[in-house]
Amino acid sequence: MIKNIVFDMGGVLIHFKPAALLAHFDISPADRDLMLKEAFGSVAWIQLDRGTISAEEALEAMQANLPERLHPVAEELVNGWWKLELRPMEGMEQLLGELKELGYGIYLLSNTTVRQPEYFPLIPGSQYFDGQIISAQWKLLKPQHEIYETLLREYGLRAEECFFVDDLNINIEGALCAGMSGAVFNGDAARLRRDLRQAGVPVKTDADR
């Protein structure tokens, strides 16, 4: 029986599209491609999420592979991409509120940096969460088995009572290996409601409206 719903953040609670963030800058298409590769696609970005390097170290590593004209762009992204755009995922605030009213535990399991507490309260529905596991705080990343086990241990949860929602197949597969159930989120809150309903969570679906 499902008692807890666990959510990813980027791509689930909020839109996170690097190309959309880069559209805020007056740079050429070629420079946008370079930023996608050398900033968002860099090892340093992953290390930031793992919490093994500082923002200053990550920025230095990225800027070493970028022309000087793009150094300010990299700095703005590393130190505050959420200030450029923090767009809520449609339908998720309502779903979170409904789950809370139904008595479900609501938890966050996200690959993100130690700066996450600065902007998480700005996300509609964040007030419904009972707990969070942030990758950088634990030096772990999904889909490592240990990060799912950390969530279960820290909040006294049973894997078979947890349903995990993430936008990446590999992270859902990691949750399944840890004994949870779950569904890949593709931006469609109505479909997620159907997935939850199928798992025994009595949320409203289109058929109920």
Side-chain angles (χ1 to χ4, degrees), residues 1-16 49-51 82 86-168 170-205 208:
M1 179 179 177
I2 301 300
K3 296 183 179 179
N4 308 289
I5 316 298
V6 184
F7 291 89
D8 179 31
M9 184 175 63
V12 176
L13 301 181
I14 58 173
H15 292 269
F16 184 79
D49 280 352
R50 191 183 288 276
W82 56 92
L86 194 68
R87 187 158 61 95
M89 187 66 67
E90 296 77 8
M92 295 306 289
E93 180 183 12
Q94 295 88 340
L95 176 58
L96 291 167
E98 187 175 332
L99 289 168
K100 179 57 70 173
E101 287 184 5
L102 290 169
Y104 286 87
I106 301 177
Y107 297 89
L108 186 77
L109 179 59
S110 179
N111 285 354
T112 191
T113 75
V114 294
R115 303 284 296 276
Q116 184 263 8
E118 296 180 29
Y119 59 86
F120 188 68
L122 302 176
I123 300 174
S126 60
Q127 70 272 20
Y128 298 123
F129 281 77
D130 298 295
Q132 302 182 39
I133 296 296
I134 301 305
S135 60
Q137 295 174 347
W138 294 91
K139 306 295 191 290
L140 296 168
L141 285 174
K142 293 177 295 181
Q144 286 181 268
H145 187 78
E146 292 86 351
I147 197 167
Y148 303 96
E149 292 297 333
T150 298
L151 170 75
L152 300 174
R153 182 185 68 248
E154 288 299 307
Y155 293 106
L157 308 178
R158 297 172 63 89
E160 63 271 20
E161 296 176 347
C162 294
F163 187 95
F164 184 49
V165 182
D166 198 290
D167 62 322
L168 296 179
I170 193 169
N171 293 339
I172 294 297
E173 196 270 343
L176 297 178
C177 288
M180 303 180 190
S181 55
V184 177
F185 182 72
N186 63 357
D188 185 347
R191 177 176 173 178
L192 176 57
R193 284 177 175 272
R194 294 193 295 271
D195 290 336
L196 286 165
R197 189 75 166 264
Q198 188 172 7
V201 180
V203 294
K204 294 178 181 178
T205 65
D208 301 315

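Here the structure is a predicted model, which is why all the values come from computation and not from measurement.
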Between Arg197 and Pro202, is there a donor-acceptor pair closer than 3.5 Å when you use the side chain of the first and the backbone of the second? no
Heavy-atom closest contact (Tyr148 atom, Asn171 atom, distance): OH-O, 2.6 Å
Phe164 versus Ala175, closest heavy-atom pair with distance: CD2-CB, 3.5 Å
What are the two closest heavy atoms between Ile172 and Ala183, and how far apart are they? CD1-O, 3.3 Å
Sequence neighbours left out, what passes side chain to side chain contact (heavy atoms under 4.5 Å, CB included) with Ala190? Give chain and number order. Asp188, Arg194, Asp206
Show the numbers, then the answer: is there a side chain to side chain contact (heavy atoms under 4.5 Å, CB included) between Lys204 and Glu98? CA-CA 9 Å; Lys204 294 178 181 178; Glu98 187 175 332; 3.5 Å; yes
So, do Phe129 and Leu13 sit near enough that their side-chain heavy atoms are less than 4.5 Å apart? yes
Nearest non-hydrogen partners of Glu93 and Tyr128, listed with the distance: O-CE1, 4.0 Å
With sequence neighbours excluded, tell me which residues meet ring-ring contact (aromatic ring centres under 6.0 Å, His included) with Phe163. none
With sequence neighbours left out, write down each residue that passes salt bridge (Lys or Arg N to Asp or Glu O under 4.0 Å) with Lys139, or none if nothing qualifies. none
Are any non-hydrogen side-chain atoms of Glu173 and Leu168 less than 4.5 angstrom apart? no
Which residues pass the side-chain hydrogen bond (donor to acceptor under 3.5 Å, both in side chains) test with Gln144, not counting sequence neighbours? Arg50
Between the main-chain N or O of Ala189 and the side-chain N or O of Glu90, is there a donor-acceptor pair closer than 3.5 Å? no
Sort and list the pairs that fulfil side chain to side chain donor-acceptor pair (under 3.5 Å) and have at least one residue in residues 114-124, not counting sequence neighbours. Thr112-Tyr119, Arg115-Glu118, Gln116-Gln132
Scanning both residues in full, the closest heavy-atom pair of Gly11 with Met89 reads O-CE, 3.4 Å
So salt bridge (charged side-chain N to carboxylate O under 4.0 Å, His left out) across residues 122-132, not counting sequence neighbours, yields Lys100-Asp130
Just to verify, what does Gln127 make a side-chain hydrogen bond (donor to acceptor under 3.5 Å, both in side chains) with, not counting sequence neighbours? none
Full working for side chain to side chain contact (heavy atoms under 4.5 Å, CB included) between Leu95 and Leu196: CA-CA 11 Å; Leu95 176 58; Leu196 286 165; 4.1 Å; yes
Sorted by chain and residue number, the side-chain hydrogen bond (donor to acceptor under 3.5 Å, both in side chains) partners of Thr113 (sequence neighbours excluded) come out as none
Residue pair Ile134 / Val114, side-chain heavy-atom distance below 4.5 Å: no
Atom NE2 of His15 and atom CG of Leu86: how far apart are they, to the nearest 0.5 Å? 11.0 Å
Would you please name every residue forming a salt bridge (Lys or Arg N to Asp or Glu O under 4.0 Å) with Glu160, sequence neighbours left out? Arg158
What donor-acceptor contacts under 3.5 angstrom involve side-chain atoms of residues 101-111, with partners at least two apart or in another chain?
residue: Asn111; atom: OD1; partner: Lys142; partner atom: N; Å: 2.9
residue: Asn111; atom: ND2; partner: Lys142; partner atom: O; Å: 3.2

Does a side-chain heavy-atom distance below 4.5 Å link Phe16 with Met9? no
Tell me, with the steps shown, if Val201 and Arg193 meet side chain to side chain contact (heavy atoms under 4.5 Å, CB included). CA-CA 9 Å; Val201 180; Arg193 284 177 175 272; over 6 Å; no
Looking at side-chain heavy atoms only, is the closest gap between Ile133 and Trp138 below 4.5 Å? yes
Does a side-chain heavy-atom distance below 4.5 Å link Asn186 with Asp167? no
Interatomic spacing from CG in Leu96 to OG in Ser126 - rounded to 0.5 Å: 9.0 Å
Tell me, with the steps shown, if Ser135 and Ile147 meet side chain to side chain contact (heavy atoms under 4.5 Å, CB included). CA-CA 8 Å; Ser135 60; Ile147 197 167; 4.1 Å; yes
What closest approach, in Å, do Ala159 and Ala178 show between heavy atoms, and which atom pair accounts for it? CB-O, 3.3 Å
Separation between OG1 of Thr150 and NE2 of His145, rounded to the nearest 0.5 Å: 9.5 Å
Residue pairs passing the ring pair (Phe, Tyr, Trp, His ring centres under 6.0 Å) test with at least one member in residues 174-204, sequence neighbours excluded, are none
Say you draw a straight line from CG of Asp195 to OG1 of Thr205; how long is it, rounded to the nearest 0.5 Å? 11.5 Å
Quick check: do Ser181 and Glu161 have side-chain heavy atoms less than 4.5 Å from each other? no
Within a strict 4.5 Å, meaning less than it, do heavy atoms of the Val184 and Asp166 side chains meet? no
